[in-house]
Structure formats: C-alpha cells, structure tokens
Number of protein chains: 2
Amino acid sequence: MRILVVEDDDRVARGLVTALRHAGYDVRRVATGAAALRAAPADVVLLDLGLPDVDGLDVLRRLRRSESTAVIAVTARGEERERVTGLRSGADDYVVKPFGTAELLARIEAVLRRTRAARATAPDHPVLRVGELELDTGARTAAVSGQPLSLTRKEFDLLALLAARAGSVVLRDHIVDQVWHATWEAPSRTLDTHVAALRGKLGGRLRIETVRGVGYRLVAVDG
Amino acid sequence: MRILVVEDDDRVARGLVTALRHAGYDVRRVATGAAALRAAPADVVLLDLGLPDVDGLDVLRRLRRSESTAVIAVTARGEERERVTGLRSGADDYVVKPFGTAELLARIEAVLRRTRAARATAPDHPVLRVGELELDTGARTAAVSGQPLSLTRKEFDLLALLAARAGSVVLRDHIVDQVWHATWEAPSRTLDTHVAALRGKLGGRLRIETVRGVGYRLVAVDG
DNA sequence: CGACGACCATGCGCATCCTCGTCGTCGAAG
DNA sequence: CTTCGACGACGAGGATGCGCATGGTCGTCG
C-alpha cells in the first residue's frame, strides 16, 4: 500500500514517514504541491494544505480526480470553516495538527477500508482469456492464437483493463484513471494513440470497438 | 439517502435530526443499540458510542457487517485511545462532541462519496428485455429481433430509461433529469427530436407512445 | 555521447451528434 | 367549433469526440 506525504516542514515530514514506514506502508514524501501531482499515484495522500507554492485546495481537487486515490487533509489551522471547505473539496478525512500517530494510522486504515473496493486489479485471476487472446497478468505476457505479442507497458495495462471487462464498455475516464492514474485535465489524444497501437498489434481476431462519447469495448471476432 | 441517528440524549438527537432533515436526508432516530440494529439498513449511521443498554463498539461491529452501510461514530469523550479503537472497530469516521453541524454534514458527504464510489465500481449492468427489444446496458448494445441496431449515446440512454420502466409512463422532466443531467427546459424540441430518431430506428415491433403533457411510454407490439 | 524505444502532447481533418428554431399538426377543454 | 398549448417534422449550425500523423521528452543501453 503506497502513501504519499505532502508536507513542507522537514521535521514533521520525517516523523510521519518514519511512523508510516514502521507500520508497513510504502511511503514517499514530497514538499510541494507540484511535486505531489507528479509523484502520484498513491493509495492515500496525506496532504498538508498549508503549502508554500500553490493553493492546497487546488492540489486536493486535482488529486481527487483519480477515484482510486484517497486524500487525508492535514493542517495546522483548526477552524471549522476550513475543515468544511477541505472536506467539501473532496478530502476523505481531515485532521488537525497536532495529532497522535495512532489515530492517524487508524484513520488511514478506515479510509483504505472504504476505497479498497474502488481499486481495480483482481490478483486472483492472473490469466485473462478473450477469444484467441491470452494475457498472463502475472508474467505480463500476451499471445493471440498462441503467437506471442510484444506489448509496451501502457499497451499491456490498457489491454488488460479492457480484457478484464471484455464485451462491456469501459469508460474513457475509467481507463485514464486506471492506466494513467491521471491527474490531468485537458482532453488529450494520448489514449487514442495507444488504442490505435493496440489495434495494429491485435490483428483480426480481436477488435477494440469505439463507443463514441463513452469509451471502448474489446470483443472477440468469431471466424 | 437514508441516515440513522443513534443517540440517547433527546435534546441532542432532536437537533441532529432537524439539521439532517433540513439538508435533505431521510432521517430516522433511535435511542438504543438494539433498536439501531433493528432499524438498519441505512446509508449512513450516526452512532453515539455512549449508549446505555449495550456496548457501542459491539453495535458498531455488527452494523459494519453490511458493506453498504457507513458508520460515523460520535462520542462525548475525546480520548485518542477511544477514537483509535472506534476507528479500528470499523467506523468510517469519528467525531467528538461538541461538533459543528456544517462539519458533520461535510463529513457525511465525504463518507457517502466513498461508499457511492465503491458501489459504482461493481455496478449492475442488467440486460433489459421488452418484447423483441434487447438492451445490454453493460456493452451498450441494442437489438430488435436479433438485429443489432446502432444508437447514439443519447438515444441509448433514453431508450434504456424507457425500457427500464416499459409499459408505464416516464415523465418528461424525469427523462431530462436522467439523460441530460439538467433541470433545464427552456422550451426546446431536443427531447422530441431524439424520440423521433428512436421511433425511426425501432421499427414496428416497439412503439414509443406519447402521453400529452406528461411523458412517454415504451410498449411492445405483438404481431 | 548518441541512438533508440516508449511515451506524451498537439493539431488537423472528419464524421457524427446534438441542439434549437420554425412551422405545421394534433389533441383536449370549453 | 374554436382556441390554445403541446408535440412532430424538418433542417441547418455548431459542438463534440475520435483517428492519425507529427514532434518533443525522458530514460536506457551500448
């Protein structure tokens, strides 16, 4: 489980990181909002709203674009109004310094309990089959009709996501969230590019259909 | 959205109920743990852990057996150790009296955001059948008598809505709400246009009937 | 260092799709 | 029968979303 600590005060940050590492989490720490957005994704982000470079609430809102990331806001100020706007902006929880390590850990667990369901990837089905396609999500290998195909990382992630919901439409936003862990806003043609690459590699036995305005759907072609 | 308030102090309870009702929730209130377990299910339970009849933590654990119910623990005691055990027992959040109404509402919203997201991850994508019409809401495909038909986004959403209530009238306002996610209605022929398009594509086996001044109704034509 | 592959951003072209206005028609109420 | 409001049938316009080609960035490896 990966936790990102966004905190500009070195002393506070070090204490947090140590405590979280000790609790068994994979912890990263950054000091600025910009770095936080770059360092995503994480399962939980501990976000100090009193950052020097940018508006903390803005960072919060961007982080929360990814459904699978939970955000716990942390501040020194204890005003109720601040807490309310923080929560309203999408924070899953809001704690005020100073706080106890045990409570923070308990709150992290509570948040994780709730977001676990929203996280994807079923580790119990490592091999996906759709028609002639076979994806080994453990070994990250793919083959069509026994012929191995070489996929790049993004291509594989994308195909695995589509294959896991074969026959159903997968929403564009959901793909962007899961494969790119995106925090970006401007509509980008990046996803299309990768879909095009996959279509080229898949050949005739599998088809990625476009559902305009919604997303994509992977189907096997019988023949 | 349904909220259950579990609180033995009448005065506090009344205040809570009023505030929550005012915020638009469907609120129920009980005074004991036993009654709380009987009154479930609810989307959110505000649980006072200082109940007279039973151990609050025990009630909490039982309520949390239902995945879709969120629990916010409320107590008068502010000890960190209490908060930790409350959260560890499965509470989604933990607030200490006295607390502000605005913050409580914000925390309820935050919790609901998460449980809703968890539900949206495993959504129901039923296959709707009306006469010869078959709509696969997961794949977003439609067919009449086995013949696939190609529908645009709005057309599909609209038809799915009508098909889900096949045989009964769906109000114009409700359609606008669900398909356009707007409460708009500057007089415009947009909805009519899409209905007309659907009628053209459906052919003779299905009919969309107009109920003047009310809405539309989808019916199968037996032939 | 230089080449290379993977990835990301951007812009254009194109095919729809949506919207909304006008006008004619229909239905219900009086 | 008349009147009035609601609906149906068009027909553009403008907006939207997608495919593809291109150029740039970054990290890796020889």
Side-chain angles (χ1 to χ4, degrees), chain A residues 34-35 37-41 62 65-66 140-142 149-162 169-202 207-218, chain B residues 140-142 149-162 169-204 206-219:
Chain A
L37 294 172
R38 251 181 284 118
R62 295 201 199 185
R65 294 174 96 91
S66 169
R140 293 185 70 86
T141 58
L149 30 140
S150 99
L151 301 176
T152 70
R153 257 172 321 210
K154 294 291 186 204
E155 284 166 9
F156 186 91
D157 292 343
L158 173 54
L159 185 54
L161 185 60
L162 291 173
V169 176
V170 183
L171 275 52
R172 264 186 98 90
D173 286 349
H174 189 242
I175 296 174
V176 169
D177 183 12
Q178 293 298 310
V179 177
W180 277 268
H181 307 283
T183 319
W184 84 57
E185 43 211 84
S188 148
R189 308 259 58 78
T190 302
L191 170 54
D192 308 59
T193 305
H194 287 264
V195 170
L198 267 184
R199 281 178 173 145
K201 290 184 180 181
L202 280 179
R207 203 188 331 152
I208 298 178
E209 297 178 350
T210 300
V211 182
R212 199 178 198 274
V214 182
Y216 294 93
R217 171 177 50 209
L218 177 69
Chain B
R140 291 185 73 88
T141 57
L149 40 141
S150 103
L151 301 176
T152 71
R153 177 149 62 125
K154 293 283 191 238
E155 284 165 10
F156 186 91
D157 292 344
L158 174 53
L159 184 54
L161 185 60
L162 292 174
V169 180
V170 182
L171 275 53
R172 268 186 95 91
D173 287 348
H174 188 239
I175 295 174
V176 170
D177 244 35
Q178 295 295 306
V179 178
W180 276 266
H181 304 287
T183 320
W184 127 76
E185 194 69 25
S188 147
R189 306 262 59 77
T190 301
L191 171 53
D192 308 59
T193 303
H194 287 272
V195 171
L198 269 183
R199 281 176 173 146
K201 290 183 180 179
L202 281 178
L206 281 300
R207 201 184 333 148
I208 299 178
E209 298 178 345
T210 301
V211 183
R212 273 180 79 86
V214 183
Y216 295 92
R217 171 176 46 209
L218 177 69
V219 296

Report the distance from atom [atom1] of [X] to atom [atom2] of [N], rounded to the nearest whole Å.
X      : N      : atom1 : atom2 : result
B:R140 : C:dC17 : CZ    : C1'   : 14 Å
A:E155 : C:dC8  : CD    : P     : 11 Å
A:D192 : C:dA9  : CG    : P     : 13 Å
A:L158 : C:dA6  : CG    : P     : 15 Å
B:I175 : C:dC18 : CD1   : C1'   : 17 Å
A:L191 : C:dC7  : CG    : C1'   : 13 Å
A:L198 : C:dA6  : CG    : C1'   : 14 Å

Between [X] and [N], is there a side-chain N or O to OP1/OP2 distance below 4.0 Å?
X      : N      : value
A:R189 : C:dG11 : no
A:H194 : C:dA6  : no
B:S188 : C:dC20 : yes
B:W180 : C:dT19 : yes

TODO: With sequence neighbours excluded, tell me which residues meet salt bridge (charged side-chain N to carboxylate O under 4.0 Å, His left out) with B:D157.
DONE: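 So B:D157 forms a salt bridge (charged side-chain N to carboxylate O under 4.0 Å, His left out) with B:R140.
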
TODO: Report yes if a donor N or O on one partner sits less than 3.5 Å from an acceptor N or O on the other, where the partners are the side chain of B:T193 and the base of C:dC18; otherwise report no.
DONE: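 By the distance-only test, no, there is no pair.
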
TODO: Identify whether any heavy atom of A:F156 sits under 4.0 Å from a base atom; if not, whether one sits that close to sugar-phosphate; answer base, sugar-phosphate or nothing.
DONE: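 Contact class for A:F156: none.
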
Side-chain heavy atoms of [X] within contact of [Y], under 4.5 Å:
X      : Y      : answer
A:V176 : A:T190 : no
B:L158 : B:L191 : yes
B:L218 : B:V170 : no
B:T141 : B:L149 : no

So which protein nitrogen or oxygen atoms get under 3.5 Å of nucleotides 27-30 of chain C's nitrogens or oxygens?
none

Task: Upstream residue (5' side of DNA chain D) when B:V214 and A:V195 are each assigned their closest nucleotide - done: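 Counting from the 5' end, the first nearest nucleotide belongs to B:V214.
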
Got a sec, which residues hit side-chain hydrogen bond (donor to acceptor under 3.5 Å, both in side chains) with [X], two or more places apart in sequence or on another chain?
X      : value
B:R153 : none
A:R172 : A:D192, A:Y216
A:E209 : A:R207, A:R217
A:T210 : A:R199

Task: Contiguous Watson-Crick or G-U pair runs (3 or more, under 3.5 Å) in DNA chain D - done: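 Counting only runs of 3 or more consecutive pairs, the stems involving DNA chain D are C:1-17 with D:14-30, C:19-30 with D:1-12.
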
Open item on the list: Tell me the closest heavy-atom pair linking B:L151 and B:A142, and the distance in Å.
Closed with: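 What the structure gives for the nearest pair is CD1-CB, 3.7 Å.
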
Open item on the list: Of the options C:dC20, C:dA6, C:dC8, whose atoms approach the side-chain atoms of B:T190 most closely?
Closed with: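 Of the options given, the side chain of B:T190 lies nearest C:dC20.
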
- [ ] Using modelled atom types only, decide if a donor and an acceptor are shared between the side chain of B:K201 and the backbone of B:S150 within a distance under 3.5 Å.
- [x]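 Side chain of B:K201 to backbone of B:S150: a pair is present.
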
Task: Nucleotide interval of DNA chain D bounded by contacts with chain A (heavy-atom cut-off, under 4.0 Å) - done: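 Here the contact window of chain A covers D:dT16 to D:dA21.
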
Task: Audit row: B:I208, B:V219, side chain to side chain contact (heavy atoms under 4.5 Å, CB included) steps and yes/no - done: CA-CA 6 Å; B:I208 299 178; B:V219 296; over 6 Å; no

